[in-house]
Amino acid sequence: MFALREEDLERSILGCGDGTASFNAEVTAQGGKVLSVDPIYQFSADDIQQRIRRVYPGMLSQFARQADQYVWRHFRDPGHLGSVRMSAMNRFLEDYPSGLQAGRYVEASLPELPCFDGEYDLALCSHLLFLYSEHIHLQAHVEAVLELCRVAREVR
Ligand SMILES: C[S@@+](CC[C@H](N)C(=O)[O-])C[C@H]1O[C@@H](n2cnc3c(N)ncnc32)[C@H](O)[C@@H]1O
């Protein structure tokens, strides 16, 4: 979804609102450098795992209920999407304790990131901005985008 190329993965990357995604784990395993920030990183792996167990069934039925709003090209069907998301969350959970220790997962929230101006080559933010407009108002979007542009030379 970010049209990432192999050379992008060699850049210093900020993953903003990475949550339980496996991006940091996967890029780190390839030798890349990613900092993930998200408010949920204040919680332990156990807390996050319990929360995943609680919300996963609801997430699956939501995919099924809204199946006509998805383009089923990359994923075959709601079950396939659910199992890919669950594998990503498991990959994240395996990586999270060592990533926390290494400082690759940091608790932070837009619109204030604990980063220097231009510290990152590339900032990525998926499934957060432009998706929850009923909760995140226009001004918060503007502030978030300006903050991402402050800390990274390119934002996707
Ligand atoms: C739908 S999840 C997407 C997770 C991940 N980016 C992905 O695509 O799988 C949205 C994430 O945004 C995080 N989030 C919510 N408010 C945020 C904020 N103000 N700044 C940064 N992250 C935030 C949530 O904790 C959650 O992990």
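The shown structure was predicted, so the numbers you read here are calculated from the model rather than taken from an experiment. Along the sequence shown, residues are numbered consecutively beginning with 1.
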Which ring-ring contact (aromatic ring centres under 6.0 Å, His included) pairs, counting each pair once, include a residue from [range], with sequence neighbours left out?
range            : result
residues 102-127 : Tyr41-Tyr105, Phe92-Tyr105, Tyr96-Tyr105
residues 131-156 : Phe130-His141
residues 9-36    : none

Just to verify, what does [X] make a side-chain hydrogen bond (donor to acceptor under 3.5 Å, both in side chains) with, not counting sequence neighbours?
X      : answer
Glu26  : Ser22
Arg5   : Glu7
Ser44  : Asp47
Asp117 : Arg150

If you take all heavy atoms of [X] and [Y], which pair is closest and at what distance?
X      : Y      : answer
Gly19  : Asp38  : N-OD2, 2.8 Å
Ala45  : Leu93  : O-CD2, 3.8 Å
Arg156 : Ala3   : NH1-O, 3.3 Å
Gly15  : Val34  : N-CG1, 4.3 Å
Val151 : Cys115 : CG1-CB, 3.7 Å

Same apolar cluster: [X] and [Y], side chain cutoff 4.5 Å:
X      : Y      : answer
Leu138 : Ile136 : no
Leu124 : Leu128 : no
Val142 : Leu131 : no
Leu110 : Val155 : yes
Leu35  : Ile13  : no

Give every residue pair that meets the salt bridge (charged side-chain N to carboxylate O under 4.0 Å, His left out) criterion with at least one member in [range], sequence neighbours excluded.
range            : result
residues 119-134 : Asp121-Arg153
residues 96-115  : Asp95-Arg104
residues 11-22   : Asp8-Arg11, Arg11-Glu154

*Are the side chain of Gln42 and the backbone N or O of Pro39 linked by a donor-acceptor pair below 3.5 Å?*
yes
*Under 3.5 Å, is there a donor-acceptor pair between the side chain of Glu147 and the main chain of Leu113?*
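Present.
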Kindly compute the distance separating [atom1] ([X]) from [atom2] ([Y]), expressed to the nearest 0.5 Å.
X      : Y     : atom1 : atom2 : result
Lys33  : Leu9  : NZ    : CG    : 14.0 Å
Leu148 : Cys16 : CG    : SG    : 5.0 Å
Glu6   : Gln30 : CD    : CD    : 5.5 Å
Phe75  : Arg85 : CZ    : CZ    : 7.5 Å

*Gln101 atom CD: more than 12 heavy-atom contacts under 6.0 Å*: no
*Tell me, with the steps shown, if Met86 and Ile52 meet side-chain contact (heavy atoms from CB on, under 4.5 Å).*
CA-CA 9 Å; Met86 191 46 121; Ile52 290 171; 4.0 Å; yes
Solution key, residues 56-69 side-chain donor-acceptor pairs under 3.5 Å, sequence neighbours excluded:
{"residue": "Tyr56", "atom": "OH", "partner": "Gly82", "partner atom": "O", "Å": "3.1"}
{"residue": "Ser61", "atom": "OG", "partner": "Pro57", "partner atom": "O", "Å": "3.2"}
{"residue": "Ser61", "atom": "OG", "partner": "Gly58", "partner atom": "O", "Å": "3.2"}

*Mind checking side-chain contact (heavy atoms from CB on, under 4.5 Å) for Ala108 and listing every partner two or more places apart, or none if nothing turns up?*
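So Ala108 forms a side-chain contact (heavy atoms from CB on, under 4.5 Å) with Val37, Pro114.
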*Are side-chain heavy atoms of Ile40 and Ile48 found at a separation under 4.5 Å?*
yes
